[in-house]
Amino acid sequence: MATIERLALTDFRRRVVAGAFPDFQRLADAFSAMQFVQADPIRSPARAQDLMLRQRVNGYVAGELEATFPDLDAEEGYLFAYGFMTPEVWRELRWRPIRKLKKLERDVLDAVAELGEVHPRGLDERFGRKSVKNYWGGKSQQTKRILEHLHHHGYLRVARREKGIRVYQVPEQTDGQDSDPRARYRRLVMTTVHVFGASTKTMVVSELRNHNHLLPSRQERLAAVESLIEDGHLKEVQVAGITYLWRRENWLEEEVPDRVRILAPFDPLVRDRTRFQQLWGWDYRFEAYVPAAKRVRGYYAMPVLWRDQVIGWANANVADDRLKVQLGYVGKRPREKAFRMQTEAEVEATSKFLGLPSGAWELAW
DNA sequence: CCAATCGGCTAAGCCCGTAA
DNA sequence: TTACGGGCTTAGCCGATTGG
């Protein structure tokens, strides 16, 4: 058994950051290469999927994914979070175990098959309106809950969105239900490590808990990850006592440019909060679900990356057609002129991405 | 008729207690 | 010590309805 390669924290950090932002000219290329982009509807100042794509696609504008979704090879579904993914990934997670469909569920499915593309409101006439309690403790229409349930279990796909609202249809019945669950789980592991870059075994298995039905015992799940290392698909590196997994093809040597990036709270670079703590020495927390009075950094504080360091956060919103950005720092604000220039360039780029005119922004340092 | 209000849609992190 | 499940926490936007 070969000893595990060790890497200094500084080298590891540079490598993780350098690998996190592949540069694409076209959305379609970026999307198929990324394989998965997490969705979040909060717009402060833009949806998470748009904030993540703009860091990887040249000239990307907010809403582009939603507008071009039907032309992309894309599906929606739940991997380790809800999001947009390639058909290849969707195939692995599409079918989930389900009890026999109830009468109403079967009727809704038949209605979608008959109508083609269905907006949730499009079922009102046929099924009437009935509010039920949803996952968040709020209210939803009963038929909307059934559409989501049918989608989650592979009976429906999302064809497109109308102003953020999902429009469903019956997918082509490609097979996949009987493919080997262990092989499916292994491919989901590879996708997860591809999305995040260096990940610990614990983190990957924990993130994929929504797919535990594929391999019911934890021992099996860990063994599946282990087998990917043995087969040479994943490489191990040890950083200050923590062992990370890395896909061999993502193991690149690149330099990190002098650049400021304002990141979504769910950006793959920052989403693993444990890795975040090891790389940058502070605890980043997403506070949208924290009561307003208890928030430390803000409702939707976005991590700010400077070179290979996450040095603070930004709160941003649009008011009166102007982008307003407020920065905060964990330590001291970098003094270099380059930081100031690069920050202004990032804010200008963000306002452009939001469809605002050049210079329509204010920056509070 | 216009403005205000309401219902519905969209998303998961985090903490804590208990079990393994 | 770690894993896991339960429970708690928001806000922007849009369209329909209601009230003045």
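Chain naming here is simple, since letters A, B, ... match the order of the sequence lines and numbering starts at 1 in each.
Each of A:Arg285 and A:Arg121 was matched to the nucleotide of DNA chain B holding its nearest heavy atom; the match closer to the 5' end belongs to A:Arg121. Nearest-nucleotide assignment on DNA chain C puts the 5′-proximal partner with A:Val205, out of A:Arg295 and A:Val205. When each of A:Ile42 and A:Lys163 is assigned the nucleotide of DNA chain C bearing its nearest heavy atom, the one mapping closer to the 5' terminus is A:Ile42.
Across the protein-nucleic acid pair, A:Arg145 atom CZ and B:dG8 atom P stand 13 Å apart, rounded to whole Å. Here the P atom of nucleotide B:dT10 and the NE2 atom of A:His119 are 8 Å apart, to the nearest Å. In this entry the distance linking CD of A:Gln38 with C1' of B:dA12 reads 8 Å, nearest Å. Atoms CG (A:Leu354) and P (C:dG12) sit 15 Å apart, rounded to a whole Å. Note: CG (A:Asp283) to P (B:dC15) measures 9 Å, nearest angstrom. In this structure, CZ of A:Arg209 is placed 11 Å from P of C:dA3, rounded to the nearest angstrom. The interatomic distance linking A:His152 (NE2) with B:dA11 (C1') rounds to 14 Å, in whole Å. Protein atom CG of A:Leu123 is 11 Å distant from nucleotide atom P of B:dC9, rounded to whole Å.
The phosphate of B:dG13 has OP1 or OP2 within less than 4.0 Å of a side-chain N or O from A:Arg271. Side-chain nitrogen and oxygen atoms of A:Arg161 include at least one within less than 4.0 Å of the OP1 or OP2 phosphate oxygen of B:dA11. The shortest distance between the side-chain N/O atoms of A:Arg43 and the OP1/OP2 oxygens of C:dC13 is not below 4.0 Å. Applying the 4.0 Å criterion to OP1 and OP2 of B:dA11, one finds that A:Arg166 has a side-chain N or O inside that range. Close to B:dA19, at under 4.0 Å from its OP1 or OP2, lies no side-chain N or O of A:Arg218.
Among the atoms of the strands shown, only primed sugar atoms or phosphate atoms (P, OP1, OP2) are found under 4.0 Å from some heavy atom of A:Thr202. Nucleic acid contact for A:Glu148: sugar-phosphate only, since backbone atoms but no base atoms lie under 4.0 Å from a heavy atom of the residue.
The listed nucleotides are B:dC9, C:dC4, B:dA12; the one nearest the side chain of A:Phe266 is B:dA12. The side chain of A:Ala39 lies closest to B:dA11 when the candidates are B:dC9, B:dA11, B:dC14. In the set B:dC14, B:dA12, C:dT10, the nucleotide with an atom closest to the side chain of A:Phe286 is B:dC14.
A cation-pi geometry, defined here as NZ or CZ lying under 6.0 Å from the six-membered ring centre and within 45° of its normal, does not hold between A:Arg184 and A:Trp95. Cation-pi contact between A:Arg161 and A:Phe84: absent, since separation from the ring centre below 6.0 Å together with deviation from the ring axis within 45° is not met. At least one cation-pi condition fails for A:Arg271 and A:Phe266: the charged atom is not both under 6.0 angstrom from the six-membered ring centre and inside a 45 degree cone around its axis. Relative to the ring axis of A:Phe21, A:Arg261 places its NZ or CZ within 45° and under 6.0 Å from the centre.
The minimum heavy-atom distance linking A:Leu150 with A:Glu105 is given by the pair CD1-O, 3.8 Å.
Taking the six-membered ring where the residue is Trp, the centroids of A:Trp313 and A:Tyr284 are separated by 6.0 Å or more.
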